[in-house]
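Since the structure comes first, as C-alpha cells, the remarks are kept for the end.
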Amino acid sequence: MGWLTLALIALLAVLALALMRYPRKLWTVPATAIMLGAAGYAWQGSPGLPGHPVVPGGQQVQVDQGLIDLRDAMFGKYGTYAWSYGNLADGMLRQGDRERAVKVWQGAVRQVPEDAALWTGFGLALAEYDGNQISPAAQFAFGKASALSPQHPGPPFFYGLALVRANRFAEARPWWEKAVALAPDKASYRPALVARLLALEMFLQDQEQARREGAPRR
C-alpha cells in the first residue's frame, strides 16, 4: 500500500511539472527529492504494512522562516539543489529529527559535491546537531563551501551565524563583515545582512562598555 501511494505521488509530481512547463533539464532536482524520500521510506518504513497515523517521537524544532527566506534569496529558490534539499531537511527539523536533517545534507553533498550552497547547509546542520557547537566536521563543510565559491556571501554569512549561535560573537563579526562586502549592492537580501551586522556590532559594543565599567556581562 505504501509503495502504491509513493508511485501515485511521483506520477502527480510528473504531471504537475509538465503542466507548469518546468524545464526538462532541471527535472533531476525534484526527481532527486522524490528518490530521497523513497530511500528514506525503504530504510525506515515498512512498505508492506497498511498506512496509519504516526506521532513524531522527537521534540519538534521551531524552524526560523526568516532564515529560510534568506537562504533562498542568497542561493536561489525554485529549481536549485539548495532549495530542494533544504526543504526536505527543514521538514525533518520540524519533526524534531536533527539526525535525519543532517543525513539529507550529507546525501546532498555526496550527490552534488561542487555545490557551495549544499556544503553551507551541511555545515549549519552539523553545528545545530552538535548543540550549536562547531565541530571539525562542520568547520570542514563551511571551509569547503568558501573554497568552492569564495566570492559568494552565503558561506561567510552562515558560518558567522553558526559562530553567533555558539556564543562566539567577536569571531562572527569579521565573517558577517565579509558577507556584507561580498553582497551585491542591489541584492534583495543585502539589507538583512547589514541589519544583522549592525545588531551584532551594537551587542559587542554593549559588552565592551559593560567590561570597562566593571558591570557583569549580559
Side-chain angles (χ1 to χ4, degrees), residues 22-23 25-26 28-30 32-33 36 61-94 98 101-102 104-129 132 134 137-166 168-169 171-203:
Y22 195 79
K25 63 181 181 180
L26 296 178
T28 54
V29 178
T32 300
L36 280 171
V61 177
Q62 187 68 33
V63 178
D64 188 337
Q65 185 61 45
L67 280 177
I68 292 176
D69 294 339
L70 187 55
R71 181 188 70 202
D72 291 343
M74 297 180 79
F75 291 119
K77 198 170 183 180
Y78 304 111
T80 65
Y81 287 110
W83 182 77
S84 297
Y85 283 104
N87 276 344
L88 189 58
D90 294 338
M92 299 301 169
L93 279 180
R94 289 188 177 95
R98 286 185 170 88
V102 169
V104 168
W105 288 112
Q106 184 179 40
V109 298
R110 286 177 176 173
Q111 187 76 17
V112 194
E114 301 304 313
D115 193 312
L118 299 183
W119 281 103
T120 302
F122 187 31
L124 193 62
L126 284 168
E128 290 175 343
Y129 180 73
N132 290 325
I134 302 176
Q139 189 80 46
F140 174 82
F142 283 120
K144 182 73 172 179
S146 294
L148 287 170
S149 294
Q151 299 303 313
H152 197 290
F157 170 75
F158 284 101
Y159 179 55
L161 176 64
L163 289 169
V164 167
R165 289 176 171 179
R168 296 162 60 179
F169 304 106
E171 295 177 61
R173 177 165 55 183
W175 292 99
W176 277 6
E177 289 174 342
K178 182 178 181 179
V180 169
L182 290 174
D185 292 338
K186 296 183 179 180
S188 61
Y189 56 81
R190 194 175 192 278
L193 303 188
V194 172
R196 288 174 182 270
L197 175 60
L198 290 176
L200 177 60
E201 289 178 339
M202 291 177 63
F203 175 78

Do [X] and [Y] have side chains that get closer than 4.5 Å, going by heavy atoms?
X      : Y      : result
Glu171 : Ile134 : no
Leu126 : Val102 : yes
Tyr78  : Asp72  : no
Lys144 : Phe122 : no
Phe169 : Leu163 : no

Specify the closest pair of heavy atoms between [X] and [Y], including all atoms of both residues, with the distance to one decimal.
X      : Y      : result
Thr120 : Gly154 : CG2-O, 4.2 Å
Ala192 : Leu70  : CB-CD1, 4.1 Å
Leu182 : Pro156 : CD1-CG, 4.3 Å
Ala138 : Gly123 : CB-O, 3.6 Å
Leu193 : Ala183 : CD1-CB, 4.0 Å
Ala172 : Val164 : CB-CG2, 3.6 Å

What's the spacing between Leu67 CG and Phe158 CZ if we round to 0.5 Å? 6.0 Å

Between atom OH of Tyr129 and atom CZ of Arg98, what is the distance when rounded to the nearest 0.5 Å? 10.0 Å

Which pairs, with at least one residue in residues 179-192 and sequence neighbours excluded, count as a side-chain hydrogen bond (donor to acceptor under 3.5 Å, both in side chains)?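 Of all non-adjacent pairs touching residues 179-192, none passes side-chain hydrogen bond (donor to acceptor under 3.5 Å, both in side chains).
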
Restricting to pairs with a member in residues 145-160, which pass side-chain hydrogen bond (donor to acceptor under 3.5 Å, both in side chains), not counting sequence neighbours? Gln139-Tyr159

What verdict does the ring-ring contact (aromatic ring centres under 6.0 Å, His included) test give for Phe142 and Trp119, after you've listed the backbone C-alpha separation in whole Å, the side-chain angles of each residue and the deciding distance to 0.1 Å? CA-CA 6 Å; Phe142 283 120; Trp119 281 103; over 10 Å; no

Are the side chain of Ser84 and the backbone of Tyr81 linked by a donor-acceptor contact shorter than 3.5 Å? no

Those residues at least two apart in sequence (or on a different chain) that pass side-chain hydrogen bond (donor to acceptor under 3.5 Å, both in side chains) with Gln65 are Asp69

Run the side-chain hydrogen bond (donor to acceptor under 3.5 Å, both in side chains) test against Asp90 and tell me which residues pass, sequence neighbours left out.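 Only Arg71 meet the side-chain hydrogen bond (donor to acceptor under 3.5 Å, both in side chains) criterion with Asp90.
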
Under the salt bridge (charged side-chain N to carboxylate O under 4.0 Å, His left out) test, which residues partner Glu201, sequence neighbours left out?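 Scan of Glu201 (salt bridge (charged side-chain N to carboxylate O under 4.0 Å, His left out), adjacent residues dropped) gives none.
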
Stepwise ring-ring contact (aromatic ring centres under 6.0 Å, His included) check, Trp105 with Tyr85: CA-CA 7 Å; Trp105 288 112; Tyr85 283 104; 7.2 Å; no

Under the side chain to side chain contact (heavy atoms under 4.5 Å, CB included) test, residues paired with Asn132 that sit two or more places apart: Glu128, Arg165

